[in-house]
Amino acid sequence: MKNSKLFTLVSHLPGKDQKTFSEAIAGHKRSSLKKLYHTLLAAGNETEPAAADVYKEVFSKKYAKANDYLLRNEYRLLYDWLQEQIGQQAATAAAPVVLFMAYLLQINAYDLFEDEYSSLWKKAQNDDNIDLLVHLCDLNLQYYLTGKPQTLPNAEMMAQLSQQRIDLLQRQLLRNLRKEEIRLKMAERIITAYRNDNTPAPKLTTINLQLLEDDDLYARYLSRRAQVNFARGHEKINLLQDILDEEQVIHKYEPAPEEAICRFLVNLGQEHYLNMNFAEAVKHYARAYSYWGKVPVAVRETLILNYIMCLMRCENIKLAESLAAEHAALMLNSRILASRAPFLLAVVNLYARKADAAEKYVDFESKKDGSEFYYFMRLVLSAVYYLRGDAELALREAINLDQAVNYELQRSKTIQTQISKPIITWFRRYYTLVQSNKPGMAADLKKLLQDIEQTAVPNNDQSPNSMLTQWLVKEIQGRTKKAK
């Protein structure tokens, strides 16, 4: 059964806010609200206590269904009071409901955010409250940026929301301009009363944004940031370097300059990575990592994922393994990284040739939500068996995986598994050669390497296919040297 909105909110309150609100409600004239707050607080964040138990604590009477409305009223009053308290915490002129919604994102109460957002959006539309719509749309975009995995459907929704907000901002600007024209025309009327030769300003129908931008430092900075998100290759690298070279502009306009610099460095590292400048990419990731204690969790999650992958490409497995172990909990608890985290942690340990540590992160639960990582995890499991010296079991797992993928593809023509069929074949061929251990195996291994080089995904690809291919290539190269 779904918890009430009040309990959901109370159960998400950080310890600091719990104490603050406890002190604030102590002076409230309604003693029943104090009792209700502390009763729900004492329940923790697991299951909401039964209505009968809460009623007894609040009213010191036995619960009766006929009196349920009394308890519901207390719930409503306390929820409204908490909204007001949260709104007062922030030193801003924004509407309390906007502060409340922002707070829900801050404490990761995403389910409650979605519930509240739906009703608030409808009300703002019915009231034609353009300012509130602009704020709500911004918060929803923040939710998709920080509270949801980076998938294609979520990115497509973000694009729709961004375009929707641009449309709203234009309408908001239009209304503000027309409002200002009222005062302008009033002033012109007074001027004309004194001076008959006065010429009123023409009605504003168009705006030259580029002309305004040329004379606005902050607008030029924002424009470059927007270009960065869509630019590629050397163009993106140059744009990011230009932004970072003017660090004083970042400190002037960004509310959290260290976070902004860290994000730019991560983007710069990733673009060098995609251009196969791995050594250069590592430098930027390392510099971004120096801001670790000054940036929020969402930035840390993206940084550590990219940093570890780049270290693996540079064959600095020792540091990659160390960072993975240090930040494993952060990665595994991330909503953004989702199934990518256990996969990366498993593969790092494959590169370090630590079978037991790799197997610890093999997660088949991902199949329940249709995650593409399910099939990659099965290939990781085959590699675990191989590292333990059981090539026969490794081969059997790879064969079973191949059959499972074939079945899925035959079952429905619309299904597309993310794992590459050639990769499964390469693993099967390699395990077969290792199991046979026949004389002259070096020639067969070289042939396998040639086949991989002809069809493998690019070295700058960050996909699971590429990561596992690179691991396999290193294993084949090592086995080839021994077979000579």
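We count residues from 1, following the sequence as given. Every heavy atom of this structure was used, including side-chain atoms; hydrogens, water molecules and symmetry mates were not. Please read all numbers here as calculations on a predicted model, not as lab measurements.
No side-chain donor-acceptor contact under 3.5 Å links Y75 and N73. For E188 and N198, the side-chain atoms include no donor-acceptor pair closer than 3.5 Å.
Without hydrogens or angle criteria, K185 side chain to A201 main chain gives a donor-acceptor distance under 3.5 Å. Of the possible polar contacts, one joining the E48 side chain to the S4 backbone as a donor-acceptor pair under 3.5 Å is found. S11 places a side-chain N or O within donor-acceptor distance of the main-chain N or O of T8, the cut-off being under 3.5 Å. With hydrogens and angles disregarded, no donor-acceptor distance shorter than 3.5 Å links the side chain of S223 to the backbone of A219. Checking side-chain atoms of Y361 against main-chain N and O of F343 turns up no donor-acceptor pair under 3.5 Å. The closest donor-acceptor contact from the side chain of Y285 to the backbone of Q270 lies under 3.5 Å. In this structure, S22 contributes its side chain and Q18 its backbone to a donor-acceptor pair below 3.5 Å. No side-chain donor-acceptor contact under 3.5 Å links S334 to the backbone of L330. With hydrogens and angles ignored, the 3.5 Å screen pairs no side-chain donor or acceptor of N277 with any backbone N or O of E280. At least one donor-acceptor pair under 3.5 Å links the side chain of R300 to the backbone N or O of V295.
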request  = List the steps, then state whether side chain to side chain donor-acceptor pair (under 3.5 Å) holds for Y143 with E114.
outcome  = CA-CA 9 Å; Y143 170 45; E114 288 185 356; 2.4 Å; yes

ask   = Between R232 and E271, does a salt bridge (charged side-chain N to carboxylate O under 4.0 Å, His left out) hold up when you go through it step by step?
value = CA-CA 7 Å; R232 292 291 181 270; E271 202 58 34; 5.4 Å; no

ask   = So L6 and L82, side-chain contact (heavy atoms from CB on, under 4.5 Å) or not? Walk me through it.
value = CA-CA 9 Å; L6 175 61; L82 283 170; 3.8 Å; yes

inquiry  = Test salt bridge (charged side-chain N to carboxylate O under 4.0 Å, His left out) on E258 and R263; report intermediate values, then the result.
reply    = CA-CA 9 Å; E258 290 85 2; R263 287 183 184 274; over 6 Å; no

Derivation and outcome, side-chain contact (heavy atoms from CB on, under 4.5 Å), residues L33 and H38 = CA-CA 9 Å; L33 286 192; H38 289 292; over 6 Å; no

message = Run D127 and L132 through side-chain contact (heavy atoms from CB on, under 4.5 Å) and show every step you take.
response = CA-CA 10 Å; D127 296 343; L132 182 54; over 6 Å; no

inquiry  = Go through it in stages, so that I can follow the logic: the residues are L104 and L139, the test is side-chain contact (heavy atoms from CB on, under 4.5 Å), and I'd like the CA-CA distance, side-chain angles, deciding distance and then a yes or no.
reply    = CA-CA 10 Å; L104 294 182; L139 288 169; over 6 Å; no

inquiry  = Could you go through E254 and Y221, starting from their C-alpha distance and side-chain angles, then the distance that decides it, and tell me whether this counts as side chain to side chain donor-acceptor pair (under 3.5 Å)?
reply    = CA-CA 10 Å; E254 291 288 353; Y221 167 71; 2.6 Å; yes

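Ring pair W292/Y289 is tilted by interplanar angle, where 30° to 60° counts as tilted. Classification of the H28-W81 ring pair by plane angle, with boundaries at 30° and 60°, yields perpendicular.
Here the closest non-hydrogen pair linking N154 and P149 is ND2-O, 2.8 Å. Of all non-hydrogen atoms in A231 and L239, the two that sit nearest each other are CB-CD1, 4.0 Å. Nearest approach of G44 to F7, heavy atoms of both residues: O-CZ, 3.5 Å. Taking both residues in full, the closest heavy atoms of P464 and F373 are given as CG-CE2, 3.5 Å, listed atom of the first, atom of the second, then distance. Considering every non-hydrogen atom in both Y307 and L319, the closest pair reads OH-CD2, 4.0 Å. In terms of heavy-atom proximity, A279 sits nearest to C314 at N-SG, 4.0 Å.
Using a 4.5 Å heavy-atom threshold, the side chains of L105 and Y110 count as touching. Between Q470 and Y351 the shortest side-chain heavy-atom distance falls below 4.5 Å. In this structure, the side chains of N140 and F113 come closer than 4.5 Å at one or more pairs of heavy atoms. L472 has its side chain out of reach of I423: every pair of non-hydrogen atoms, C-beta onward, lies at least 4.5 Å apart. Counting heavy atoms from C-beta outward, M377 and L381 have side chains that stay 4.5 Å or more apart. Side-chain contact between F264 and R225 is present, with at least one heavy-atom pair separated by less than 4.5 Å. At a threshold of 4.5 Å between non-hydrogen side-chain atoms, the residues P200 and T192 do not count as touching. For the pair L36/L77, no side-chain contact is recorded, criterion being any heavy-atom separation below 4.5 Å from C-beta on.
Here the CD atom belonging to Q142 is positioned 11.5 Å from the CG atom belonging to L161, to the nearest 0.5 angstrom. Summarising the geometry, atom CZ belonging to R313 is positioned 7.5 Å from atom CE belonging to M467; distances are rounded to the nearest 0.5 Å. Considering CG of L268 and NE2 of H284, their distance stands at 4.0 Å, rounded to 0.5 Å. H327 contributes atom NE2, which lies 12.5 Å from atom CG of L305 (distance to the nearest 0.5 angstrom). To the nearest 0.5 angstrom, K236 atom NZ is 10.5 Å from F230 atom CZ. To the nearest 0.5 angstrom, Q170 atom CD is 9.0 Å from I207 atom CD1.
The number of heavy-atom neighbours closer than 6.0 Å to NZ of K148, taken from other residues, nucleotides and ligands shown, is above 12. More than 12 heavy atoms of other residues, nucleotides or ligands sit less than 6.0 Å from atom CG of D245.
Two rings, from F21 and Y37, have their centers 6.0 Å or more apart. Between Y79 and F100, the ring centre distance stays below 6.0 Å.
A salt bridge links E74 to R30: one of the charged nitrogens lies within less than 4.0 Å of a carboxylate oxygen. Under the 4.0 Å criterion applied to side-chain N and carboxylate O atoms, R220 and D216 are not assigned as salt-bridge partners. Look at E180 and R183 and you find a salt bridge, because one of the NZ, NE, NH1 or NH2 atoms lies within 4.0 Å of a carboxylate O, short of that distance. Salt bridge status for R340 with E301: absent, with no side-chain N to carboxylate O gap under 4.0 Å.
Each of V134, N176, I130 was evaluated against R171; a single residue qualifies, I130, per the side-chain contact (heavy atoms from CB on, under 4.5 Å) test.
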